[in-house]
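The structure under discussion appears below in the form of structure tokens.
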Amino acid sequence: MLRLAGCVTVLLAGVVATPAVRALRWLPTERLVRCWARLLLAALGVRVRPIGVPGKQVGGSLVVANHISWLDILLVAAARPGRMLAKTEVGHWPVLGPLTSWGGTIFIDRERLRALPGTVDEIATALRRGERVVVFPEGSTWCGRVGGRFRPALFEAAVRADVPVQPLVLRYRTAAGPSTAPAFVGEDGLLSSLWRVVSVRGLAAEVEFLPQLPLALFPGRRQLAAAAQRVVDQRRHLDVPDCATCTAPTTAAHPSERPADPSERPPRPSERPADPSAHPSEQPVLVPDREDVLRPRAGAAH
């Protein structure tokens, strides 16, 4: 109960402070967001352990991570804040909804496939402005011991904006080892999940930054998504002894795992020849297919 009271206090402080932070542009917004997220996690009884945080970076980047819980958003914000991509339902949550909206969150409607290209365009525009955008390409939350497939659609934004992809690995653990207590899956409700989190003793959250994936090594969004998933999966199950049952079989080595040959570099978006017969609005066009669809969060089977 004390943790819940502390959580409400920090949340209300964020609601009160947000308008002032937005109005006063000279304030160190990123540092304030990072401190607020850490305070909120501390109030929930969660210790943050950033691993391999890179130095200050210039230009935009698409940050991709595995997805376990609603805590993931706070965890990333506590380590390296950026504009989040969240489902539209989050915008209607009490207290958290207004905070995410004021924080510049980009919302995606998973039930409307036609809205996906517009969301990708919005992300690409933010990346071109030099902003950092955080997405969870699995499209749903998983228990942590197993994970979903990184869907390629959102990686198209990095391709269009010509920015690198920054993979992250999120892990939750206690003194006894990896913990699935924060997992938000199946028929979980927000309140029941919140109660489970505050009831855990010694919960620690790790966010590990992996080396960036430069676009020069990948011919398209599918190859980029596959490489990001591979490097994340390699670090996701470090503490799980039977991790072979949690991940998909590894295929042949990806170009990201061998030295790049400059002669093999595929053309970047700005270098690709345009089709003179196509209308400018059709170059390029993201055509979502069955593999690109972002489905609702995983069912109880996960």
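Note that the structure is a prediction, hence the values are computed from the model and not measured.
Counting only distance, with no hydrogens or angles, the side chain of R3 and the backbone of V198 share a donor-acceptor pair below 3.5 Å. A donor-acceptor contact shorter than 3.5 Å is absent between the side chain of Q229 and the backbone of A226. Without hydrogens or angle criteria, S69 side chain to P182 main chain gives a donor-acceptor distance under 3.5 Å. R171 places a side-chain N or O within donor-acceptor distance of the main-chain N or O of R235, the cut-off being under 3.5 Å. The main-chain N or O of L190 is never found under 3.5 Å from a side-chain atom of W195 such that the two would form a donor-acceptor pair.
Using a 4.0 Å cut-off between charged side-chain N and carboxylate O, E208 and R80 make no salt bridge. Using a 4.0 Å cut-off between charged side-chain N and carboxylate O, E206 and R47 make no salt bridge. Under a 4.0 Å N-O distance rule, the pair R230/D233 does not qualify as a salt bridge. Between R128 and D162 there is no salt bridge, since no side-chain N of the basic residue sits under 4.0 Å from a carboxylate O of the acidic one.
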* Test log, rule side-chain contact (heavy atoms from CB on, under 4.5 Å), inputs V169 and L210 -> CA-CA 8 Å; V169 179; L210 304 178; 3.6 Å; yes
* **Check against side-chain contact (heavy atoms from CB on, under 4.5 Å), F150 and V135** => CA-CA 11 Å; F150 278 23; V135 304; over 6 Å; no
* Would you please test L127 and S61 for side-chain contact (heavy atoms from CB on, under 4.5 Å) and show each step? => CA-CA 6 Å; L127 293 174; S61 63; 5.7 Å; no
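Nearest heavy-atom pair across A79 and V53 is O-CG1, 4.4 Å. Nearest heavy atoms, P137 versus F155: CB-CE1, 3.7 Å. Nearest heavy atoms, Q166 versus P211: NE2-C, 4.5 Å.
Note that CZ of F107 is 9.5 Å distant from CG of L85, once rounded to the nearest 0.5 Å. For the atom pair CZ (R160) and CG (D121), the distance works out to 5.0 Å, reported to the nearest 0.5 Å. Taking CG of L74 as the reference point, atom CG of L39 lies at 11.5 Å (rounded to 0.5 Å). Considering CE of M84 and CD1 of I73, their distance stands at 6.0 Å, rounded to 0.5 Å. Remark: N66 CG to L168 CG distance equals 8.5 Å, nearest 0.5 Å. The CG atom of L44 lies 9.5 Å from the CG atom of L203; values are rounded to the nearest 0.5 Å.
Residues V133 and V63 are not in side-chain contact: their nearest non-hydrogen atoms beyond the backbone lie 4.5 Å or more apart. By the 4.5 Å heavy-atom criterion applied to side chains, F136 and L170 are counted as neighbours. Counting heavy atoms from C-beta outward, S193 and L191 have side chains that stay 4.5 Å or more apart. Using a 4.5 Å cut-off on side-chain heavy atoms (C-beta onward), L40 and C7 make contact.
By the criterion of side-chain heavy atoms lying less than 4.5 angstrom apart, applied directly or through intervening Ile, Leu, Val, Met, Phe, Trp or Tyr residues, L41 is grouped together with L4 in one hydrophobic cluster.
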